[in-house]
Amino acid sequence: MAEDFYQVLDRDLMLMLQQIFSGVTAENAGRFHFSPPYDASHGDLACNAAMMLAKSEDVAAMVLAETIAEHLRNWSAFAEVSVVKPGFINARLKVSFLTAELARILSDPDYFSHCDVGAGKRVNIEYVSANPTGPLHVGHARGAVFGDALSVLLTRTGYDVTREYYINDVGVQVDVLARSAHGRYLEALGDKTQTFDAPLYSGEYLIPVGGALAARFGTTYQNVPESEYLAPIREYTIAAMIKIIRSDLQALGVVQDVFTSERALVESGAVEQTLTYMQEHNLVYRGVLEPPRGKTPEDWEPREQLLFRSSDFGDDIDRPLIKSDGTWSYFTPDITYHRDKFARNFDWLINIFGADHIGYVKRLKAAAAAFSEVPLDILCCQIVRFIKNGAPVRMSKRQGTFITLRELIAAVGKDVVRLHLLGRKNDAHMDFDLELMRQQSLDNPVFYIQYAHARCHSAISHAKAEFSILPEVTAEELAAKLITAADHRLLCKLAEYSGMLRRAGSALEVHRIALYLRELAKELHGFWSQGKDQAELRVVVRDDALLTAARCQLLCGVKQVLADGLGLLGVTAVDELR
RNA sequence: GCACCCGUAGCUCAGCUGGAUAGAGCAUUGCCCUCCGAAGGCAAAGGCCGCAGGUUCGAAUCCUGUCGGGUGCGCCA
């Protein structure tokens with residue numbers, strides 16, 4: 001398993017501390033690490049070990065820091081090690097150590113995929129799973145891009161990822177869909193009296209489905225009772241909706257591998273099997289629930305149901321599986337579905353939920369815990385407020401005022417949608433200002449990062465034009481040439497990338513990639529601008545071909561890291577801005 | 001009433017699993033294009049990190065309470 005830049009340093013630190021201090025073991029050593037200090041004037045790296053050890057060793061942190069620093073001074077990686085007041089150990093890296101990392105970025109074909117914290121474990125990530133009753137709308141966008149980017153990130157950090165969509169193709173919603181489609185079908189056959197009020201779906205997207213149904217079935221279902229037309233119309237229409245949804249996802253750059261049908265699961269008898277299993281394992285009982293506190297419904301009456309002992313597994317109350325009328329609750333097939341996922345031998349399940357399903361998390365985790373040791377993580381994406389003309393857009397399905405995903409992409413572009421939604425923690429509330437995002441203003445980080453990438457490209461091309469032949473640069477020359485403070489900062493920033501990815505992966509925090517890219521872009525822009533005042537800080541230095549070649553290597557590294565990070569987020573890296 | 005999420009600069013948000021003087025972008029105010037792309041850079045200003053306790057060498061970060069905002073919660077799906 002290959003280690004990244006910071007892992008190597010931290011591992012060596014741990015080994016060294018174990019040699020010096022008897023109290024340091026493999027277990028607690030993970031707390032000691034190097035990290036980039038927030039203030040660059042402190043150096044390239046800060047180490048927290050002395051302060052962490054002060055108590056267990058019963059020695060003043062400053063004394064320990066001096067001891068540790070003395071050892072660190074022997075490391076080949078460091079040019080300078082110093083100790084500062086509370087007990088920080090600050091270190092400055094040798095340029096050769098940083099340029100060696102740059103060389104790996106440029107020459108190692110596996111550099112961007114060598115992280116193996118996942119160790120090939122099989123993880124299933126379920127996301128979107130919107131009801132197949134129509135095109136996706138903006139409410140689905142965040143979960144879609146987050147699930148997609150998380151899948152890419154976990155793949156990159158060594159997991160074997162399956163991306164899954166669960167199709168809720170059973171129940172009232174899809175029956176309503178079928179009735180609506182049937183109305184459009186009659187319309188297509190010439191009946192102009194059809195209406196599509198309240199419970200029916202009035203969206204225009206069903207009109208072509210009606211036409212297709214007419215072409216497919218002719219007049220077969222024109223004058224037959226619902227019991228005859230419902231199933232075939234429903235099947236056809238759901239397939240049409242899935243097709244629309246998949247194409248919506250594709251427009252966002254989101255791909256999923258497995259589409260699991262609830263109906264197929266139900267028809268296989270898996271739900272009954274699950275109920276039998278739960279009965280055999282004493283996970284259910286017949287009982288009556290208390291009315292919900294503080295908000296007792298007027299028509300509440302206690303009725304006996306089949307309940308899952310979910311409160312034994314961390315839920316607040318037990319949950320109904322079979323309702324008093326003898327039918328399953330929504331939860332029952334869903335439990336079955338997760339049991340099916342467990343049966344497919346994943347090592348880890350992740351569900352991406354919208355904020356409107358937060359209340360569902362505990363019971364599902366309870367069900368998972370009752371069935372398997374395999375961990376289930378449920379990540380919720382908070383509501384995105386869409387702002388138009390300075391005011392939040394009120395969206396209502398009934399009034400047809402919700403913005404579709406297609407409209408959003410058409411308005412601002414896929415890259416803007418993705419980077420903006422991926423730029424914040426998934427569980428943070430956020431705004432999406434449609435005007436700002438359309439303006440391509442500085443509020444929009446896509447252009448800032450793409451601009452940095454384009455500048456790298458531009459400078460490298462310029463260097464190639466200026467010097468017909470750029471000299472080869474040896475490792476020694478690279479280290480000897482990239483010695484200014486500006487070079488140094490860029491090199492340090494590049495070296496952070498691999499460790500940042502590893503941490504983002506283990507924290508399931510995709511937004512860190514976006515933050516990092518912004519930081520790297522900022523360093524690049526700063527680097528660039530210094531060349532305006534001082535010609536020797538430019539990429540192209542006319543009287544120094546070797547320096548120019550070295551700087552080109554540096555910018556190649558920046559360009560590659562920017563492109564890789566943007567690629568992880570599904571955002572296009574461009575060589576030129578319009 | 002209960003559960004989950006969020007309260008950090010005027011606004012939108014970071015803060016790397018407990019570290020140094022809490023950071024970015026936008027907006028405001030000043031600079032920097034005869035010079036690799038100014039869609040950029042530099043600088044100024046802006047803060048009781050909602051509030052109150054606790055844990056410890058050390059808290060925006062962890063715990064408890066509390067107040068505000070959001071989302072959800074019934075035998076709906």
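As the structure is a prediction and not an experimental result, all values here were calculated from the model.
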Distance below 4.0 Å between Lys55(A) side-chain N/O and rC57(B) OP1 or OP2: yes
Candidate nucleotides rA38(B), rA24(B), rA20(B), ranked by approach to the side chain of Arg518(A) - the nearest: rA24(B)
Sugar-phosphate only, base, or nothing, as touched by Leu289(A) at under 4.0 Å among non-hydrogen atoms: sugar-phosphate
Distance between P atoms of rG37(B) and rA24(B) (Å, rounded): 28 Å
Axial cation check for Tyr448(A) ring with Arg518(A), 6.0 Å and 45° limits: yes
Residues in side chain to side chain contact (heavy atoms under 4.5 Å, CB included) contact with Asn426(A), at least two apart in sequence or another chain: Phe146(A), Leu379(A), Cys381(A)
Donor-acceptor contact present, side-chain Ser129(A) to main-chain Tyr166(A), <3.5 Å: yes
Contact under 4.0 Å: Trp528(A) side-chain N or O vs rA38(B) OP1/OP2: yes
Touch class at under 4.0 angstrom, heavy-atom based, for Ala535(A) against every strand present: nothing
Spacing of the P atoms in rU66(B) and rG1(B) (rounded, Å): 11 Å
Separation between the C1' atoms of rG15(B) and rC57(B), rounded to whole Å: 22 Å
Sugar-phosphate, base or nothing in reach of Val361(A), heavy atoms under 4.0 Å: nothing
Contact pattern, 5' to 3', of nucleotides 12-19 of chain B - B, S or - by protein heavy atom under 4.0 Å: SSSSBS-B
Given rG41(B), rA3(B), rU71(B), the nucleotide with the shortest approach to the side chain of Asp316(A): rA3(B)
Sugar-phosphate, base or nothing in reach of Asn90(A), heavy atoms under 4.0 Å: base
Heavy-atom closest contact (Gln305(A) atom, Lys323(A) atom, distance): OE1-CA, 3.9 Å
Side chain of His462(A) (C-beta onward), nearest among rA77(B), rC36(B), rA24(B): rC36(B)
Side chains of Tyr6(A) and Met500(A) in contact at under 4.5 Å (non-hydrogen atoms): no
OP1 or OP2 of rC31(B) under 4.0 Å from side-chain N/O of Lys532(A): no
Val539(A) side chain, from C-beta outward: closest of rC36(B), rG37(B), rU71(B): rC36(B)
Inter-nucleotide P distance (rA60(B), rG50(B)), Å rounded: 10 Å
Smallest separation among heavy atoms of Asp487(A) and Arg551(A), with atom names: OD1-NE, 2.8 Å
Side chain of Asp427(A) - closest among rU71(B), rG37(B), rC6(B): rC6(B)
Side chain Ser324(A) and base rC75(B) donor-acceptor under 3.5 Å: yes
For a quick test of your reading: what N or O donor-acceptor pairs under 3.5 Å do the side chains of residues 351-359 of chain A make, sequence neighbours left out?
| from | atom 1 | to | atom 2 | distance (Å) |
| --- | --- | --- | --- | --- |
| Asn351(A) | OD1 | Lys341(A) | NZ | 3.2 |
| Asn351(A) | ND2 | His338(A) | NE2 | 2.9 |

Whether His42(A) stacks on the six-membered ring of rA20(B) base, 5.5 Å and 30° limits: yes
Between rC2(B) and rA77(B) - P atom distance, rounded Å: 27 Å
Nearest listed nucleotide, side chain of Arg538(A), among rC36(B), rA3(B), rC42(B): rC36(B)
Distance, C1' atom - from rA22(B) to rU61(B), rounded to whole angstrom: 11 Å
Lys323(A), nearest nucleotide to its side chain (from rC75(B), rA3(B), rA20(B)): rC75(B)
Whole-angstrom distance between rG69(B) and rG30(B), as gauged at atom C1': 38 Å
Inter-nucleotide P distance (rU71(B), rU29(B)), Å rounded: 36 Å
